[in-house]
Undergrad: 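Let me give you the structure first, and then I'll get to my questions.
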Amino acid sequence: MNQLNEPLHILVNNAGAIYSVAQVGVDGVDRCMFGNHVGPMLLTHGLLPLLRMGATPQREARIVNVSSRLEKNAAIAEWCQHPSNPCRTQEYQPFEAYGTSKQNCRLIFILRTSSAGG
């Protein structure tokens with residue numbers, strides 16, 4: 001991304017992945033959490049300089065984070081505090097894991113990004 005030098009006016013994060021069984025990637029992070037939260041977060045932070053370049057006094061650059069109707073299956077935000085393996089202490093529930101990664105963690109990400117002036 002460092003090679004890109006064009007302004008970016010809008011970024012839409014619309015990633016979505018659901019797994020029938022808990023899976024942990026080689027990096028030690030739950031794949032559902034990575035695909036729905038960590039990956040878009042890393043992409044967004046990598047593109048922040050281009051988004052800042054795309055902002056003008058008349059129009060801010062925008063980041064749109066798409067969620068899911070399945071967020072109704074979300075568990076409490078505590079799930080987000082242990083992203084390396086959030087299902088270690090309970091039976092894996094695919095729709096709960098998906099909903100939680102899309103809703104609670106995405107909200108935390110949005111709040112932290114916006115408060116950073118990003």
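Side chains are part of it too, since the values below use all heavy atoms of this structure and drop only hydrogens, waters and symmetry mates.
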Undergrad: How far does OG1 of Thr44 sit from CG of Leu11, to the nearest 0.5 angstrom?
TA: 4.5 Å

Undergrad: For the residue pair Ala17 and Cys32, what are the closest heavy atoms and their distance?
TA: O-SG, 3.6 Å

Undergrad: For Leu51 and Arg62, which heavy atoms make the closest approach, and how far apart are they?
TA: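 Closest heavy-atom pair between Leu51 and Arg62: CD2-O, 3.9 Å.
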
Undergrad: Going hydrophobic residue to hydrophobic residue with side-chain gaps under 4.5 angstrom, can you get from Val66 over to Ile10?
TA: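 Same hydrophobic cluster.
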
Undergrad: Could you tell me whether the side chain of Thr56 reaches within less than 4.5 Å of the side chain of Arg59, counting heavy atoms only?
TA: yes

Undergrad: Please identify each residue that fulfils side-chain contact (heavy atoms from CB on, under 4.5 Å) with Ala55, with sequence neighbours left out.
TA: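 Checked Ala55 against side-chain contact (heavy atoms from CB on, under 4.5 Å); matches are Ala61.
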
Undergrad: For Gly35 and Pro40, work out which heavy atoms get closest and say how close.
TA: O-CD, 3.6 Å

Undergrad: Let me confirm one number: the CG-CG distance from Asn5 to Leu50, rounded to the nearest 0.5 Å.
TA: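 Going from CG on Asn5 over to CG on Leu50, the span is 7.5 Å.
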
Undergrad: Can you name the nearest heavy-atom pair linking Glu6 to Met53, along with the distance?
TA: C-SD, 4.2 Å

Undergrad: Atom NE2 in His45, atom CD1 in Ile63: separation rounded to 0.5 Å?
TA: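 So the gap between those two atoms works out to 8.0 Å.
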
Undergrad: Verify the neighbour count for atom CD of Glu60: are there more than 12 heavy atoms of other residues, nucleotides or ligands below 6.0 Å?
TA: no

